[in-house]
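Side chains are part of it too, since the values below use all heavy atoms of this structure and drop only hydrogens, waters and symmetry mates. The first residue of the sequence shown is numbered 1, and numbering continues consecutively from there.
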Amino acid sequence: MALIVQKFGGSSVADAARVMNVASIVTDTYRAGNDVVVVVSAQGDTTDDLIAKAEEINPKASRREMDMLLASGEQISIALLAMAIEKLGCPVCSLLGWQAGFSTNSTHGSARIKKVSAERIKMEIAKKNIVVVAGFQGLNKYDDITTLGRGGSDTSAVAIAAAMQADRCQIFTDVEGVYTADPRKVPNAKKLEDISYDEMLELATLGAQVLNNRSVEMAKKYNVQLEVLSSLVRKPGTIVKEVSSMEKMLVRGVTKDTNVARITIIGVQNDPGIAYKIFGKLAAKNINVDIILQSVGRDNTKDIVFTTTKAHAEECVEVLQGLDLLAGLKITCETDVAKVSVVGAGMESHPGVAAKMFEALFEADINIQMIATSEIKISVLIDAKDADKAVSAIHNAFIPVLN
Ligand code: ADP
Ligand code: ASP
Ligand code: MG
């Protein structure tokens with residue numbers, strides 16, 4: 001007998017038929033003799049719809065009230081799924097995040113899990129109940145409801161699996177696993193049998209939405225073996241684990257991130273300490289920056305270009321405009337950009353991956369604005385309108401290597 005955590009995303013519980021389908025997967029697992037904890041997201045587009053409702057009333061609503069609203073989506077799902085499980089004749093108990101013991105910090109909208117006490121879950125399991133937990137939510141030290149950020153139910157599932165030392169954590173979704181590119185955009189993308197935590201973390205951080213990056217970070221930290229699989233087709237999915245078995249595979253995935261803005265500062269003084277003062281100020285405001293480029297100093301000045309998220313772009317420009325050392329300089333913000341990346345542990349020991357990627361972009365007539373590399377990834381910043389074409393071109397350039 002094993003303890004299995006199963007998470008179902010919004011599309012997997014989108015309507016009554018899908019909820020019944022999930023109930024049958026869960027009850028089959030339970031009837032096979034396992035203890036089962038289920039984590040669910042809000043149905044279909046519920047979270048987006050709730051955000052739209054809030055915007056109709058107050059586009060500047062406080063993050064606390066947004067959390068109060070958004071957490072309600074998952075409350076609907078757990079109750080409906082529990083009713084479906086009851087209908088199939090199995091004992092079940094649904095729990096909100098706070099009932100399941102999720103304590104978080106107070107960063108409303110992107111709260112971090114501090115602890116999952118899981119006592120209530122354990123009690124319900126001891127009573128032989130299937131436990132259905134609302135993903136994406138917790139409680140802060142003031143007893144206020146918090147949410148973990150978009151896609152946060154994946155992290156809720158991994159956190160329960162880690163806290164309860166579950167034997168398996170299965171993330172059910174609307175595709176059959178992790179692919180070499182988004183299978184909805186790149187039809188010849190290949191399903192991966194397995195992938196390492198580090199590669200999956202890069203892919204998730206660089207835009208592959210199939211797993212939330214924080215969930216992968218947590219799975220790696222607590223050694224939770226994840227499986228990503230379809231809720232619609234009963235087939236093995238992709239295993240995320242310490243070391244992938246396909247070491248020779250050069251590139252594991254190609255992904256795009258359109259949540260990027262590029263900030264340019266022209267004519268900064270060519271003196272020591274300038275970068276420190278600029279980026280120190282942004283860090284103090286909690287503004288994340290990603291790729292940074294600085295031109296070679298000329299005529300006592302240099303240019304600095306960097307990327308941040310679209311959400312931070314406006315604030316970023318305001319902060320820079322308020323800095324005395326940048327007074328009178330031209331600061332521009334470009335949001336029609338996208339970051340396209342290739343990820344693969346194999347590229348560390350293989351020269352030529354960057355050249356091949358750049359050749360594919362050249363052949364597709366796509367201009368590269370910025371380049372960033374690390375041991376297992378290469379990212380380029382390009383025009384947003386070229387992003388899908390770039391992903392396909394790069395993917396197709398590496399596909400023969402994958403076969
Ligand atoms: P859920 O609602 O189950 O959490 P998401 O919409 O968050 O599902 O994530 C699943 C989606 O991720 C897929 O429908 C697919 O379009 C997208 N996706 C992006 N990149 C990849 C990839 N490399 N492999 C698989 N799916 C991907
Ligand atoms: N319902 C939340 C969202 O849409 C959490 C999740 O789906 O993981 O982001
Ligand atoms: Mg998701």
Subject >> Any donor-acceptor pair under 3.5 Å from Thr238 side chain to Val178 backbone >> reply: yes
Subject >> Closest contact, heavy atoms only, Ile145 versus Asp67 >> reply: O-CB, 3.5 Å
Original post:
Does the Asn396 side chain pair with the main chain of Ser392, one donor and one acceptor, at a distance under 3.5 Å?
Top reply: yes
Original post:
Under a 4.0 Å N-O cut-off, is there an ion pair linking Asp383 with Lys385?
Top reply: yes
Original post:
Taking the side chain as C-beta and beyond, is there a heavy-atom pair between Val240 and Lys220 under 4.5 Å?
Top reply: no
Original post:
Considering only heavy atoms from C-beta outward, does the side chain of Leu206 approach that of Asp257 to under 4.5 Å?
Top reply: no
Original post:
Has the side chain of Tyr197 got a donor or acceptor atom that lies under 3.5 Å from a matching backbone atom of Val224?
Top reply: yes
Original post:
Does the distance from a Lys or Arg side-chain N to an Asp or Glu carboxylate O, for Arg18 and Asp174, drop under 4.0 Å?
Top reply: no
Original post:
Any donor-acceptor pair under 3.5 Å linking the side chain of Ser110 with the backbone of Gly149?
Top reply: no
Original post:
Between Lys235 and Glu176, is there a side-chain N and carboxylate O pair less than 4.0 Å apart?
Top reply: yes
Original post:
Testing Val39, Asn212, Val5 for side chain to side chain contact (heavy atoms under 4.5 Å, CB included) with Ser156, which one passes?
Top reply: Val39
Original post:
What pair of heavy atoms forms the shortest contact from Ala23 to Ala84, and how long is it?
Top reply: CB-CB, 3.7 Å
Original post:
Is the side chain of Gln294 donor-acceptor paired with the backbone N or O of Ile304 at a distance under 3.5 Å, no angle test?
Top reply: no
Original post:
Is Lys127 salt-bridged to Glu124, going by a charged N under 4.0 Å from an acidic O?
Top reply: yes
Original post:
Between Leu226, Thr205, Val210, which is the residue that forms a side chain to side chain contact (heavy atoms under 4.5 Å, CB included) with Met200?
Top reply: Val210
Subject >> Test applied, salt bridge (Lys or Arg N to Asp or Glu O under 4.0 Å); reference residue, Arg252; option that passes from Glu193, Glu199, Glu202 >> reply: Glu199
**OP:** Among Val36, Val22, Leu80, Ile85, find the one that has a side chain to side chain contact (heavy atoms under 4.5 Å, CB included) with Val132.
**Re:** Ile85
Original post:
Hey, is the main chain of Gly267 close enough, under 3.5 Å, to the side chain of Asp303 for a donor-acceptor pair?
Top reply: yes
**OP:** Kindly say whether Thr258 contributes a backbone atom to a donor-acceptor pair with the side chain of Lys310 at under 3.5 angstrom?
**Re:** yes
**OP:** For side chain to side chain contact (heavy atoms under 4.5 Å, CB included), just list the numbers for Thr146 and Thr107, CA-CA rounded to whole Å, side-chain angles, deciding distance to a tenth of an Å, and then say yes or no.
**Re:** CA-CA 8 Å; Thr146 54; Thr107 315; over 6 Å; no
Original post:
Roughly how far apart are Phe398 CZ and Lys356 NZ, rounded to 0.5 Å?
Top reply: 6.0 Å
Subject >> Ionic contact status for Asp386 with Lys256, cut-off 4.0 Å >> reply: no
Original post:
Hey, what's the ring geometry for Phe279 with Phe306, parallel, tilted or perpendicular (30° and 60° as the breaks)?
Top reply: perpendicular
Subject >> Non-hydrogen atoms of Ala159 and Val116 that approach each other most closely >> reply: CB-CG2, 3.8 Å
Original post:
At what distance, to the nearest 0.5 angstrom, does CD1 of Ile291 lie from OG1 of Thr307?
Top reply: 4.5 Å
Original post:
Looking only at heavy atoms, what is the nearest atom pair of Gln6 and Ile4, with distance?
Top reply: CG-CG2, 3.8 Å
